[in-house]
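Below, each value reflects all heavy atoms present in this structure, side chains not excepted, and no hydrogens, waters or symmetry copies.
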Amino acid sequence: MTRVAILISGSGSNMVRLVEALRVPDSPAVPALVLSNVPGVAGLVKAAALGVPATTVDHRRFAKDRAAFEAAVDRALRESHADLLCLAGFMRILTAGFVERWAGRILNIHPSLLPKYRGLDTHARVLAAGDPEHGCTVHLVTPELDDGPILGQAKLTVRVEDTPETLAARVQALEHRLYPTVLARYLAGEKAPLLLC
């Protein structure tokens with residue numbers, strides 16, 4: 001049974017969908033841990049309500065010592081016996097050393113159609129560019145920011161009246177469908193990219 005740890009920094013809406021998907025009958029995996037780098041966020045409350053072990057490794061305690069922060073995260077993950085990591089709104093950039101230790105075992109969801117719009121403010125950037133489509137991507141994490149093999153994407157049409165806020169809400173609804181689907185496929189050994197429309 002694969003043990004999945006989910007890393008968050010905020011509300012945990014994608015985390016909830018992943019936990020629900022991992023608890024379907026005959027799932028080959030279980031949620032092992034929810035880890036946040038920010039104390040007291042709503043996602044931790046949701047994890048507790050779902051009965052998933054949860055912990056915090058507050059990045060602010062480590063000042064600029066990223067190696068010490070990541071060592072603490074790694075320790076918590078290994079204590080939970082995690083086999084696979086799902087980044088779900090985890091707003092810390094992981095170093096190459098951390099990624100390499102977990103190579104092939106970290107998934108991430110990003111709110112753009114990668115390789116377009118790596119980084120932040122994707123919705124505003126899509127609107128500024130006048131793109132007709134937007135969406136989200138689940139990919140394997142590599143040392144390069146928002147890079148790595150694409151496992152799945154979901155697309156929507158940008159509307160004339162869209163704002164960054166409306167796009168964010170619409171893309172998040174796609175994320176809630178895409179991430180659990182891609183995770184289930186990945187656990188089954190399927191790594192070919194999936195496209196949801």
Side-chain angles (χ1 to χ4, degrees), residues 2-24 27-37 43 46-47 52 73 77 82-94 96 98-123 125-126 131 133-158 167-197:
T2 301
R3 295 176 60 80
V4 179
I6 305 168
L7 281 64
I8 66 171
S9 294
S11 71
S13 66
N14 272 307
M15 175 272 295
V16 170
R17 300 309 186 281
L18 293 175
V19 169
E20 291 170 347
L22 290 168
R23 287 184 167 163
V24 298
S27 171
V30 294
L33 180 70
V34 171
L35 183 148
S36 174
N37 66 299
K46 292 173 185 174
V52 180
V73 170
L77 294 171
D83 303 300
L84 183 71
L85 314 183
C86 287
L87 309 184
F90 186 67
M91 302 302 291
R92 303 300 297 172
I93 296 173
L94 297 169
F98 183 95
V99 171
E100 285 159 9
R101 281 195 299 278
W102 291 88
R105 296 185 293 150
I106 312 176
L107 277 61
N108 182 49
I109 190 154
H110 182 72
S112 81
L113 296 172
L114 293 174
K116 281 190 165 186
Y117 308 116
R118 294 179 171 95
L120 301 175
D121 302 319
T122 61
H123 313 301
R125 290 159 68 192
V126 163
D131 287 2
E133 288 185 322
H134 188 30
C136 54
T137 304
V138 177
H139 64 97
L140 276 174
V141 174
T142 60
E144 295 298 318
L145 178 66
D146 296 328
D147 198 13
I150 290 173
L151 300 174
Q153 291 188 315
K155 296 182 179 182
L156 55 74
T157 299
V158 177
L167 265 185
R170 293 173 61 216
V171 168
Q172 187 174 67
L174 287 181
E175 292 176 6
H176 292 168
R177 289 176 49 216
L178 181 68
Y179 210 172
T181 302
V182 170
L183 176 59
R185 283 166 49 91
Y186 193 77
L187 289 167
E190 179 58 69
K191 298 179 183 177
L194 170 74
L195 178 60
L196 289 182
C197 294

Residues that D131 engages under side chain to side chain contact (heavy atoms under 4.5 Å, CB included), provided they are two or more places apart:
K116, Y117, V126, A129
Quick one: does Y186's side chain get under 4.5 Å of V138's, heavy atoms only?
no
To the nearest 0.5 Å, atom CG of L183 lies from atom CD1 of I6 at 8.0 Å
Applying salt bridge (charged side-chain N to carboxylate O under 4.0 Å, His left out) to R105 and not counting sequence neighbours gives none
Residues which pass salt bridge (charged side-chain N to carboxylate O under 4.0 Å, His left out) with R101, listed by chain and number, not counting sequence neighbours:
D74
With sequence neighbours excluded, give me every side-chain hydrogen bond (donor to acceptor under 3.5 Å, both in side chains) pair touching residues 5-19.
S9-N37, S13-Q172, S13-H176, N14-E175
Evaluation steps, side-chain contact (heavy atoms from CB on, under 4.5 Å), between L145 and I93:
CA-CA 7 Å; L145 178 66; I93 296 173; 4.1 Å; yes
Which pair of non-hydrogen atoms, one from L113 and one from A154, has the smallest distance, and what is that distance?
CD2-O, 3.6 Å
Quick one: CH2 on W102 to CG on L85, what's the gap to the nearest 0.5 Å?
4.5 Å
How long is the straight-line distance from NE2 of H139 back to CG of D147, given to the nearest 0.5 Å?
8.0 Å
Approximate separation, where rounding is to 0.5 Å, of L194 CG and L178 CG
6.5 Å
Given side-chain contact (heavy atoms from CB on, under 4.5 Å), test L120 with M91 step by step and report yes or no.
CA-CA 10 Å; L120 301 175; M91 302 302 291; 3.6 Å; yes
Measure the shortest side-chain to side-chain distance between L196 and L174 over non-hydrogen atoms and say whether it is less than 4.5 angstrom.
no
Say whether, by atom type as modelled, one donor and one acceptor occur between the side chain of R118 and the main chain of H110 under 3.5 angstrom.
no
Backbone N/O of Q153 and side chain of T137: donor-acceptor pair under 3.5 Å:
no
Contact summary for P28 and L187, nearest pair of heavy atoms
CG-CB, 3.9 Å
Nearest heavy-atom contact between L18 and A88 is CD1-CB, 4.5 Å
Under 6.0 Å between ring centres: does that hold for H123 and H134?
yes
Please step through side-chain contact (heavy atoms from CB on, under 4.5 Å) for the pair V19 and V4, ending with a clear verdict.
CA-CA 9 Å; V19 169; V4 179; over 6 Å; no
Minimum-distance pair of heavy atoms, taken over all atoms of V99 and I106:
CA-CD1, 4.1 Å
If I compare all heavy atoms of G135 with all of V171, which pair ends up nearest, and what's the gap?
O-CG1, 3.6 Å
Any sub-3.5 Å donor-acceptor pair from S27's side-chain atoms to L22's backbone N or O?
yes
Close side-chain approach of M15 and C86, heavy atoms under 4.5 Å:
no
Check whether R185 reaches the backbone of A192 with its side chain - one donor and one acceptor, N or O, closer than 3.5 Å.
yes
Mind checking whether L87 and L94 have side chains closer than 4.5 Å, heavy atoms only?
yes
My understanding is that only residues two or more places apart in sequence, or in another chain, count here; which of them pass salt bridge (charged side-chain N to carboxylate O under 4.0 Å, His left out) with E133?
K155
Side chain to side chain contact (heavy atoms under 4.5 Å, CB included) with A188: which residues, sequence neighbours excluded?
none
CZ-CG distance between F90 and L35, expressed to the nearest 0.5 angstrom:
6.5 Å
Rounded to the nearest 0.5 Å, what's the gap from CZ on R3 to CG on L77? Could you check?
11.5 Å
Looking at I150 and P193, what are the two nearest heavy atoms and their distance?
O-CG, 3.5 Å
